[in-house]
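Here's the structure, in structure tokens; my notes come after.
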Amino acid sequence: MRSLSEIEISRLSNEIPKLVGEQIVIFRKLKNLTQTELAEMVGKDRQYLYKIEKGRVTPNVTTLTILAKALNISLSELFGNIKI
């Protein structure tokens, strides 16, 4: 099994949060929710949700699970369109 290079790790660390954020925006809009509404549903600040959606912060798996549950989707749906 080969190890990931530092460049690959850096690339993934930068790209994945942005791609996850984009998916959250898509599902949020499909549910006709504002950032404020979704943030309130999950007990987070709207600014924090904004940062997640823009890929400026990397939410932990618990936060992602809570967001998916609030959006009534599975984690696999959240990550389904993300290609690495």
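Quick note: residue numbers are just sequence positions, from 1.
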message: Looking at I7, I'd like to know if its CD1 atom is crowded, meaning that more than 12 non-hydrogen atoms belonging to other residues, nucleotides or ligands lie closer than 6.0 Å.
response: no
statement: Scanning both residues in full, the closest heavy-atom pair of V57 with P17 reads O-CB, 4.0 Å
message: Quick check: is Y50 connected to V20 through a chain of hydrophobic side chains (ILVMFWY, heavy atoms under 4.5 Å apart)?
response: no
Non-hydrogen side-chain atoms of T63 and K44 separated by less than 4.5 Å: yes
message: Quick check against the 3.5 Å criterion: does E77 have a side-chain atom that pairs as donor or acceptor with the backbone of S74?
response: yes
message: I want to check something: taking the side chain as every heavy atom from C-beta on, are L71 and L78 in contact at a cut-off of under 4.5 Å?
response: no
task: Please answer: with hydrophobic residues joined when any side-chain heavy atoms are less than 4.5 Å apart, are L33 and Y48 in the same cluster?
output: yes
field: Side chains of E37 and K31 in contact at under 4.5 Å (non-hydrogen atoms)
entry: no
message: Donor-acceptor check, side chain of S10 to backbone of E6, threshold 3.5 angstrom: yes or no?
response: no
statement: Rounded to the nearest 0.5 Å, the CD1 atom of I16 sits from the OG1 atom of T58 at a distance of 10.0 Å
task: Find the distance between CD1 (I24) and CD1 (I52) and round it off to the nearest 0.5 Å.
output: 5.5 Å
- prompt: CG of N72: more than 12 outside heavy atoms within 6.0 angstrom?
  reply: no
query: If you group Ile, Leu, Val, Met, Phe, Trp and Tyr by side-chain heavy-atom gaps below 4.5 Å, do V25 and L64 land in one group?
result: no
statement: When rounded to the nearest 0.5 Å, the distance separating CD of Q23 from NZ of K18 is 15.5 Å
- prompt: Mind checking whether N81 and I26 have side chains closer than 4.5 Å, heavy atoms only?
  reply: no
- prompt: What is the distance from atom NZ of K51 to atom CD of Q35, rounded to the nearest 0.5 Å?
  reply: 12.0 Å
Any residue meeting side-chain contact (heavy atoms from CB on, under 4.5 Å) with E40, in chain and number order, not counting sequence neighbours: T36
query: Rounded to the nearest 0.5 Å, how far does CG of L67 lie from CE of M41?
result: 9.5 Å
